[in-house]
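These notes are about the structure you will find just below.
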Amino acid sequence: MAKKRQAQQKGKQDEKVQLKDALQKDVLEKLKQAKQELAAVEVEKKRAEEERKREERKQRERNKSFAELLEESDLDWKRYKG
């Protein structure tokens, strides 16, 4: 019985060892740096996508026909009728 308990306790201690503890410090630093770079790239992609969508909306607004602009308008000629 005592051997089983010791084996279980030893197994629990082994589980507590984390990956960062097992890796060398320089490898860990490289991984952290790569994570930061990937986050920065993701932010830049998101910003570029938002800019592209904004430009697309502007272009679509410029290319609207008079009929489309008139239909979107909330002006009601009945209010201005004398």
Side-chain angles (χ1 to χ4, degrees):
M1 268 318 202
K3 288 184 180 182
K4 284 185 181 180
R5 270 193 228 149
Q6 286 177 353
Q8 287 175 350
Q9 288 176 352
K10 187 176 181 182
K12 288 181 183 178
Q13 289 175 353
D14 290 341
E15 290 176 11
K16 291 181 183 179
V17 175
Q18 294 182 353
L19 182 61
K20 69 178 183 178
D21 297 332
L23 291 176
Q24 295 175 357
K25 290 198 183 270
D26 60 335
V27 174
L28 183 62
E29 290 300 318
K30 286 180 183 179
L31 288 173
K32 285 181 180 180
Q33 185 179 3
K35 180 180 176 184
Q36 289 175 348
E37 290 172 0
L38 286 174
V41 167
E42 188 65 32
V43 167
E44 181 63 26
K45 277 185 181 180
K46 187 179 260 188
R47 188 199 62 75
E49 181 68 20
E50 289 173 359
E51 180 68 25
R52 185 189 64 77
K53 286 181 180 180
R54 188 178 7 225
E55 287 297 320
E56 192 175 287
R57 280 193 301 269
K58 278 184 181 181
Q59 190 65 30
R60 197 170 35 241
E61 186 71 26
R62 281 190 217 130
N63 292 337
K64 285 187 179 180
S65 68
F66 181 75
E68 290 171 323
L69 293 171
L70 186 60
E71 193 167 310
E72 288 178 2
S73 173
D74 60 349
L75 295 177
D76 186 10
W77 64 272
K78 293 178 184 177
R79 289 191 291 178
Y80 301 105
K81 188 176 176 184

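In this view, Arg60 satisfies the side-chain hydrogen bond (donor to acceptor under 3.5 Å, both in side chains) rule with no residue, not counting sequence neighbours. With sequence neighbours left out, Lys64 forms a side-chain contact (heavy atoms from CB on, under 4.5 Å) with Glu61, Glu68, Leu69, Glu72. Not a single salt bridge (charged side-chain N to carboxylate O under 4.0 Å, His left out) links Glu37 to another residue, sequence neighbours left out. With sequence neighbours left out, Glu44 forms a side-chain contact (heavy atoms from CB on, under 4.5 Å) with Arg47.
Looking at Lys35 and Leu31, their side chains never come closer than 4.5 Å, going by heavy atoms from C-beta outward.
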What donor-acceptor contacts under 3.5 angstrom involve side-chain atoms of residues 48-58, with partners at least two apart or in another chain?
from  : atom 1 : to    : atom 2 : distance (Å)
Glu49 : OE2    : Arg52 : NH2    : 2.5
Glu51 : OE1    : Arg54 : NH2    : 3.0
Arg52 : NH1    : Glu56 : OE1    : 3.0

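Here Leu70 sits in one hydrophobic cluster together with Phe66; the rule is ILVMFWY side chains under 4.5 Å apart, joined directly or through other members.
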